[in-house]
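Chain letters run A, B, ... following the sequence lines, proteins first, then strands; residues in each count from 1. Values in this document were obtained by computation on a predicted structure and should not be read as measured data.
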Protein chains: 2
Amino acid sequence: MTEPTRGLPEVSQLVVGVLGGTGDQGRGLAYRLAKAGQQVVIGSRTAERAEAAAAGIGLGVRGAENAAAARESDIVIVAVPWDGHAATLSALRGELAGKLVVDCVNPLGFDKQGAYAIRPEEGSAAQQAAALLPESRVTAAFHHLSAVLLQDPAIERIDTDVMVLGDDRQATDTVQALAERIPGMRGIFAGRLRNAHQVESLVANLISVNRRYKAHAGLRITDV
Amino acid sequence: MTEPTRGLPEVSQLVVGVLGGTGDQGRGLAYRLAKAGQQVVIGSRTAERAEAAAAGIGLGVRGAENAAAARESDIVIVAVPWDGHAATLSALRGELAGKLVVDCVNPLGFDKQGAYAIRPEEGSAAQQAAALLPESRVTAAFHHLSAVLLQDPAIERIDTDVMVLGDDRQATDTVQALAERIPGMRGIFAGRLRNAHQVESLVANLISVNRRYKAHAGLRITDV
């Protein structure tokens, strides 16, 4: 057993933007991070929708149009639907320059048999983000969190691990530290961006688990 | 919380073959299953190598050439190297007809930056097995177990979950029950074979975890 959190940077003063923060996953993450004391800005295509989502959360969360949310933030979590991933990021290339980007998008398709993985041309959503945002530091994380648990105010702790991927050690350390602001969560380094596809698409398997066991499944990494 | 093991079939009388049972993963699984009381036959390309590996384990484990091991077994675990996967299974199509096949092969490549996922033409090793073995019931499981922990006789319990995938409920139930013969393990249904690729290739991420944390990482599924 090691202490994975040892030596992680202090992140409590960093402003976190959540693009796609009006969706279930984005809203859930915004809520948990704000509850942990982080300054959070929800981004959406329109300022009105973002402000409404922010007001619904409270806790000092602000709302803004995506570009403004990106500009105001140190760390930008990308939680948009896969359909809009490439277009949203392409349009924000300037605003996201120099920022730490955390992609948590899961490219999935759905049919009668449930969810299945979609393989982006670039290899993964995170690699697509890295290709579209050459001046940003791109990481991948927060894929396996249940939006239901994230948004449930009756739940204080979410006992799960957050796999953090990226090619820049300082960036992944920062994202690990951010994950650990949420009670019960550990941020665990889990490889380079080129190994993001299987982490993103494992959500299809967690959906199968949820159906079979009527659960809100997450993951823990053992022996760490 | 549910009781995932409820209603799983009785498997203690089934004979388990382990193809590639002379490798670390295969030998480790053979040891754990034999220790749990299961009848185990190790298969290898030559009977001599299989018998030597079986003798090294003891516990009543037998060794045989791959074809004989397949014929004698009810459940056949495929733990051969990815390189030999297609050729080995093609040659055993007749012997594996009617058997429950459990593919635990992880198609990975390695370079200076570590491990990376290889995507088989069929989608995954398990789907390749299903394509090559139309008369077998093919499942996928046992991907995320540390061969080091499996083989260490000082370790009594391995606290980890085994994701079991397949399109046939009776087959996946049986494999779940087999996993649960090993103390500390739970067999968790985690989707259809079409979602096997990400489960197989997640081993690349666990290898990154092991390097960073000097661990023998495994997975637990939370809320199940």
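- Comparing B/Ala217, B/Ser146, B/Gly191 by heavy-atom pairs within less than 4.5 Å of chain A, the highest count is held by B/Ala217.
- A salt bridge is defined here as a Lys NZ or Arg NE, NH1 or NH2 lying under 4.0 Å from an Asp or Glu carboxylate O, and B/Arg220 with A/Asp161 fails to meet this definition.
- A 4.5 Å side-chain heavy-atom check between B/Leu219 and A/Thr222 finds every atom pair outside the cut-off.
- Using a 4.5 Å cut-off between heavy atoms, B/Gln113 touches chain A through backbone and side chain atoms alike.
- In this structure, no portion of B/Arg211 lies under 4.5 Å from any heavy atom of chain A.
- Looking at B/Asn195, the atoms closer than 4.5 Å to chain A (heavy atoms on both sides) sit in the backbone and in the side chain alike.
- Remark: A/Arg194 fails to qualify as a cation-pi partner of B/Tyr116 under the 6.0 Å distance and 45° angle criteria applied to the six-membered ring.
- With chain B as partner, the option from A/Thr160, A/Val199, A/Ile207, A/Asp167 having the largest number of non-hydrogen pairs under 4.5 angstrom is A/Val199.
- Using a 4.5 Å heavy-atom cutoff, the side chains of A/Arg212 and B/Arg169 are in contact.
- Nearest approach of A/Ser208 to B/Ala190, heavy atoms of both residues: CB-C, 3.9 Å.
- With rounding to the nearest 0.5 Å, the separation of CG in B/Leu202 from NE2 in A/His197 is 11.5 Å.
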For this session: Could you please spell out the steps behind the side-chain contact (heavy atoms from CB on, under 4.5 Å) verdict for A/Glu200 and B/Gln198?
Result: CA-CA 9 Å; A/Glu200 295 172 356; B/Gln198 56 265 27; over 6 Å; no

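- Chain B forms more heavy-atom pairs under 4.5 Å with one residue of A/Ser201, A/Gly123, A/Ala204 than with any other, namely A/Ser201.
- Considering only heavy-atom pairs separated by less than 4.5 Å from chain B, the leading option among A/Val209, A/Leu206, A/Asp159 is A/Val209.
- The closest side-chain heavy-atom distance from A/Asn205 to B/Leu165 is below 4.5 Å.
- In this structure the side chain of A/Tyr213 never reaches within 4.5 angstrom of the side chain of B/Ile221, judged on heavy atoms.
- How far CG of A/Asp223 is from CD1 of B/Ile158: 10.5 Å, rounded to the nearest 0.5 Å.
- When each of A/Gly114, A/Ala115, A/Ala196 is scored by its heavy-atom pairs under 4.5 Å with chain B, the top score falls to A/Ala115.
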